[in-house]
Structures are given as structure tokens and as C-alpha cells.
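Read the structure below first, then the notes.
All chains are named by letter (A, B, ...) in the order of the sequence lines, taking the proteins before the strands, and each is independently numbered beginning at 1.
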2 protein chains.
Amino acid sequence: MGVVGEFGLIARVVARSGTAALAEVGPGDDAAVLRTPDGRVVACTDVLVEGRHFRRDWSSAEDVGHKAAAANLADIAAMGAVPTALLVGLACPSSTPAAWLEGVATGMAEECAPFGAAVVGGDTSASAPDSASVVLSVTALGDLGGRAPVTRSGARPGDVVAVAGRLGWSACGLAVLRRGFTAPAAAVSAHRRPRPPYAAGPAAADAGATSMCDTSDGLLADAGHLAEDSGVRIELDGEVLRAAFVVGPLPQVAAALGGDPLGWVLTGGEDHALVATFPPGAQLPAGWTTIGSVHDSDEGGPGVRVDGVPAAAVAAELGEGTGHVHFGG
Amino acid sequence: MGVVGEFGLIARVVARSGTAALAEVGPGDDAAVLRTPDGRVVACTDVLVEGRHFRRDWSSAEDVGHKAAAANLADIAAMGAVPTALLVGLACPSSTPAAWLEGVATGMAEECAPFGAAVVGGDTSASAPDSASVVLSVTALGDLGGRAPVTRSGARPGDVVAVAGRLGWSACGLAVLRRGFTAPAAAVSAHRRPRPPYAAGPAAADAGATSMCDTSDGLLADAGHLAEDSGVRIELDGEVLRAAFVVGPLPQVAAALGGDPLGWVLTGGEDHALVATFPPGAQLPAGWTTIGSVHDSDEGGPGVRVDGVPAAAVAAELGEGTGHVHFGG
């Protein structure tokens with residue numbers, strides 16, 4: 001870890017990390033100890049690799065911290081839970097400036113703070129001898145507060161499909177950065193610092209959501225997870241999606257670059273919107289928009305259709321793969 | 001991820017991972033949900049980097065899985081807790097054979113199985129574009145079963161210092177591998193698959209241990225953590241350490257390679273022995289050996305001495321740094 005030294009680095013990062021409200025033992029010991037009021041803990045891990053998920057010339061250190069935290073906190077929300085803590089595994093070149101690492105820690109702390117969450121532990125290592133890239137692996141913990149976890153497998157025919165959050169903004173921002181532009185700011189900042197609709201997750205659970213999923217891989221792919229795991233067919237309404245989600249910077253950027261902005265909405269990942277299904281007649285919580293309906297799986301098997309067209313064909317027509325592909329491959 | 005594909009890979013790895021006894025929602029959803037009988041969760045993260053912590057030509061895939069799990073499970077034990085689950089963040093080249101990844105998962109599953117623990121979640125990514133190396137970041141969760149967590153800061157003057165587990169065997173095995181040998185097997189296998197004394201952690205907590213630490217950085221460095229965090233001076237007895245811990249393959253290999261095997265015992269890391277302090281008169285649980293005593297910090301400040309000589313001087317004389325240095329730098 002060069003001049004900073006592993007232990008010095010940890011101390012600096014911890015100093016930026018704030019305090020988790022539920023931590024009984026915080027960073028600096030062999031392990032953290034965290035209270036779990038619900039009697040269960042929700043846990044997930046997300047890996048961010050430099051050159052795949054972020055570039056240090058396109059995102060500030062604080063951006064990377066926000067993004068790494070957001071990817072995990074959105075998964076916690078997608079179970080119907082509230083984040084309580086993060087643990088961070090970090091491999092970075094020994095030449096990494098301490099200020100860059102402190103920036104990452106600051107970004108994570110800022111993303112966690114509204115929940116009373118914070119980084120409670122972690123480990124650092126020098127990158128592999130053949131690499132000058134940063135690898136971040138973040139684990140988030142969360143608390144269900146007495147709610148039943150909302151899995152991917154509970155969607156039932158007759159349910160409505162709804163989305164909370166933004167779709168396609170991160171992909172739009174990436175398209176902008178790829179062309180060498182840094183505006184419009186709304187698109188670029190959406191790529192650098194996604195803004196998942198965290199509160200919509202627990203609210204959906206409270207409203208009786210039957211299945212839910214973070215859209216980190218793009219709406220079609222992630223609605224596909226709900227369809228596959230629930231054994232159902234999901235029908236999405238293209239005009240509703242266009243009216244509700246081709247908004248903000250999307251029309252303008254699509255017009256400037258050419259192409260149909262609905263492609264970003266359907267296949268763009270990393271906005272960390274939530275997609276969920278609700279029983280017929282359920283009162284959708286604030287922030288949720290109905291985009292389709294759940295049907296019995298037919299001879300084609302479980303899957304997603306947009307206006308009756310299978311997701312793979314829709315994505316191919318829009319010039320994108322069905323799953324989100326990170327910019328580094 | 002090449003032919004295997006990220007989702008196919010995850011499915012294969014999960015199929016090898018067994019089931020965590022406390023999991024309410026296991027792998028394959030946005031996040032896992034795990035019961036926490038104690039009302040708290042213990043959590044830690046450890047990063048293993050190819051070329052720093054393991055080499056694929058020196059360790060099998062199963063070895064790497066065992067070692068990655070053990071490094072984390074030992075940290076859980078060092079708090080006085082029992083492991084319940086792992087989450088795995090993995091960055092690997094797209095050329096990584098699926099069989100290698102399945103081997104890692106098998107090793108992790110085997111290391112977890114005695115506790116009813118298993119991998120409950122994770123994420124995979126292709127390595128950075130500039131790297132052909134594997135980076136593993138493992139998070140372990142554990143349960144205290146009603147015990148108070150044993151931190152690093154509770155050692156008090158008058159306490160005894162004790163160790164459970166093996167010291168220096170992994171460093172001895174590494175020395176063997178570095179010379180191009182693969183025997184004695186006891187040394188090499190200790191490097192490939194450390195055998196932490198997991199049960200000794202909760203047993204020490206039950207016996208009233210005042211402070212405890214995993215010796216992943218080597219005895220002198222990790223006893224140093226107890227001394228620093230507790231504000232005390234720790235005196236270790238060199239002859240006791242030599243009699244109790246220069247055992248197994250250590251004398252033979254040291255004689256063959258030249259050098260004092262006490263160096264491995266004092267500074268060799270990655271055996272994941274536990275070092276703890278107990279109140280005077282405490283009955284040490286099975287497997288614990290008294291190696292020293294706790295004293296008021298004097299004018300030199302908190303620290304560790306061996307037979308009255310400061311740790312830094314001891315380590316320098318034995319030709320090692322005071323902290324464990326991984327073989328890749």
C-alpha cells in the first residue's frame with residue numbers, strides 16, 4: 001500500500017465512514033457486531049471493477065463510493081429492507097493516492113448516512129501484481145423491520161407490474177460520456193451517482209408486493225428474473241413506458257445521438273430502479289408506476305413481452321442486448 | 001465471463017455451496033435473509049488476491065476456497081462467535097475455467113459445513129481489463145449465541161496471554177514452496193489450507209477472555225494489536241513459545257533451510273491461530289496455552305516484548321518484519 005500503509009489507510013478510511021446506528025462493535029476489530037432488531041439480517045454483495053463498472057477519469061472518487069454503495073443498498077431495498085451497514089473489500093494499486101481512497105469512503109458514507117448506516121468493516125490489499133486497477137467488493141446488511149422479505153418468485157397471474165425510480169438515465173449518461181461530452185449534467189450525474197428509490201422498497205413490501213427486484217441489469221432482464229423465478233409471463237406496455245420513463249435528459253440526448261430512447265429505458269442498467277408485482281387492486285405506494293401485468297406462462301415458457309413481442313426481439317430491434325452490458329465488456 | 005456466462009457461473013457455484021441452516025432466503029435473489037438468533041450479527045470481510053495471497057500453481061481451487069473461507073471464519077471466531085454464512089465477491093478473467101470456480105466453491109462449502117454455514121450470496125465480474133488475476137472478497141457472518149463480543153481492547157494488567165492453534169506452519173510451508181519443494185506435507189498443506197482453532201474462540205469467550213484477536217498478521221503483530229488497543233504492555237516468554245510451538249514440521253524444515261524456527265512462530269501469518277488474554281486465575285479452555293502476561297504500559301508505551309526485548313528488535317534479529325508480509329509483496 002506504499003506510503004500510506006495498510007493500517008494507516010484503514011484508519012483514514014474509517015475516519016471518514018461515520019458510525020452505524022446499530023453497531024455495537026464498529027471498524028477496527030476482527031469483526032463488527034451489529035444489532036438486528038428484526039431477528040434476521042439481509043445481506044448482499046456487489047463487485048465493482050475499474051474499467052468495467054467505473055473509470056477514474058469519468059467518475060470522481062466520491063462518485064465511485066456513492067455508486068458502489070448504491071448498487072448494494074438498492075439490493076437491500078429490493079427485499080423490502082432498510083440498510084444498516086456496509087463492509088468493503090478493496091484491492092488497489094499501491095500507488096493509489098490516499099485522497100482517492102478517502103474520497104471513496106466519503107461517497108459511501110454520504111450514501112449510507114440517511115439510513116443511519118455506515119461502513120463497519122473491511123479489508124484492503126494491494127492489487128494483483130499484473131494489475132493497476134481498483135476492485136471494490138461491497139457487502140451491505142439490512143433490517144426488514146418485521147416485514148416479510150419480498151423475493152423474486154412470488155409474482156402471480158393477475159398481478160400488476162410496477163416500477164419505482166428512473167430507467168435508462170445511467171445508460172444515457174454513459175452514451176454521453178462515451179462521445180466525449182460531459183453534458184447534459186442530469187444524464188452524466190445519473191451515470192456517476194445513481195439515485196435508487198430506496199424508500200420504495202419497504203413501501204412496496206408494506207403494500208403487499210408479491211415479488212420485487214432491483215433493475216441493475218436493465219428492466220427487461222430484471223423483469224425476466226421475476227418472470228423466470230415466478231414461472232409467469234410478464235406483459236409490459238410500451239406506450240406507458242415511453243410516456244412515463246422517456247423523460248428528463250433522454251429525449252434530448254437520443255435526438256442528438258440518434259436512436260430510440262426507449263432502448264435505454266428497457267435495457268439500460270445501473271439506475272437501480274425497482275420493479276415489483278402487486279396483487280390486483282393493491283394501492284400502489286407513492287413513486288410506483290404501473291407498467292404491465294402478470295399472466296400464466298404459455299407455450300413459450302416464462303418470460304417478458306413488450307406489446308406482445310418477446311423481450312429478446314424487442315432488445316434486438318432497439319440495438320441492444322437483453323441484459324445490461326458494462327462498458328468495459 | 002466467456003462461455004460460462006455470469007448467470008450460469010453463479011448457478012454452478014451455488015449448486016456446490018450447500019445450504020445455510022439459518023438462511024430464510026438463500027442465493028439467487030437480490031439479497032439473502034438470515035436468521036440472527038442472538039439479536040446481533042457479527043460481520044467481517046477479507047480480500048484474497050492472486051499473486052499476493054495465493055498462486056494457482058501452488059494451491060488448488062479447493063485450497064483457495066478453504067483458505068478464503070478460513071481467513072474470514074477465524075475472524076468470526078476471534079469475536080467469540082460461530083459462523084453462519086458467507087458472501088463472496090469475485091473478479092476473475094473470463095478465461096477462468098468453470099471447474100476452477102466450482103473448486104473454489106467446493107472448498108468454501110467444506111470449510112463452512114461443520115457450522116451449518118454456507119455461501120448465501122455474492123457477485124461475479126470479469127477482472128479489470130489490465131488483469132488476468134483472480135480477486136476474492138469474502139464476507140463472513142456469525143452469531144454470538146448470547147456471548148459478549150470479545151474485542152481487542154479489554155486486556156488488563158495481571159491478565160495472562162494465551163494462544164490456541166498453530167503458529168508459523170503456514171510461513172514454514174511457504175518457505176518450502178518458495179524453494180520449489182512440496183514436502184513435508186504437513187507444512188505445505190498448512191500453507192494451502194490453514195486450520196484455525198474455530199471452537200477455541202467461543203470457548204475463550206465463555207471462559208471470560210478479556211481480549212482476543214486472530215493472528216492473521218503473525219503473533220507479534222497481532223498481540224501488538226491487543227497491546228495497542230488495550231493500552232498495555234504484553235510480555236511473551238520465548239522459551240515457552242519455543243517449547244510449545246516449534247513443533248510438527250518446523251524444526252526439520254528450519255534445519256534444512258537454515259534459520260531459527262521461532263521466527264516463523266513469532267511473525268508468520270495466515271495460520272489464523274487465536275491470541276487472547278484471560279483474567280488471572282481463569283481456567284483456560286482446552287487447546288489454549290499460556291505464553292505470557294499483561295502489564296501496565298511503561299514509558300515505552302503499549303507494545304509487545306519477548307523475554308523483555310521489544311517486538312521490533314526481536315523480529316529484526318530473526319530476519320523478519322514485525323508484520324506478516326504476503327509473498328507477493
Is [X] in contact with chain B via its backbone, its side chain, both, or neither, using a 4.5 Å heavy-atom distance?
X: A:L144; answer: side chain
X: A:V138; answer: neither
X: A:V41; answer: both

Sort out for me which of [options] touches chain B most, counting heavy-atom pairs under 4.5 Å.
options: A:P37, A:A81, A:A43, A:C44; value: A:A43
options: A:I76, A:V42, A:V150, A:V134; value: A:V42
options: A:T151, A:T36, A:V49, A:D222; value: A:T36
options: A:S153, A:A128, A:A132, A:G121; value: A:A128
options: A:S137, A:G89, A:S131, A:A74; value: A:S131

Of all heavy-atom pairs linking B:D229 and A:G28, the shortest is OD2-O, 4.1 Å
Gap between atom CG of A:D46 and atom OG of B:S125 - 0.5 Å precision: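 Interatomic distance, B:S125 OG to A:D46 CG, rounded to 0.5 Å: 9.5 Å.
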Whatever's closer than 4.5 Å to a heavy atom in chain A on B:L141 counts as side chain
Under 4.5 Å to a heavy atom of chain A? For B:N72 that would be neither
Residue pair A:L34 / B:R40, side-chain heavy-atom distance below 4.5 Å | no
Check: [Y] main-chain N/O paired with [X] side-chain donor or acceptor under 3.5 Å:
X: A:R52; Y: B:S127; answer: yes
X: B:D30; Y: A:D214; answer: yes
X: A:D123; Y: B:V47; answer: yes
X: B:D29; Y: A:R152; answer: yes

**OP:** Would you mind telling me which of B:L87, B:V120, B:V88, B:D38 has the largest number of heavy-atom pairs within less than 4.5 Å of chain A?
**Re:**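 Top count of heavy-atom pairs under 4.5 Å with chain A: B:L87.
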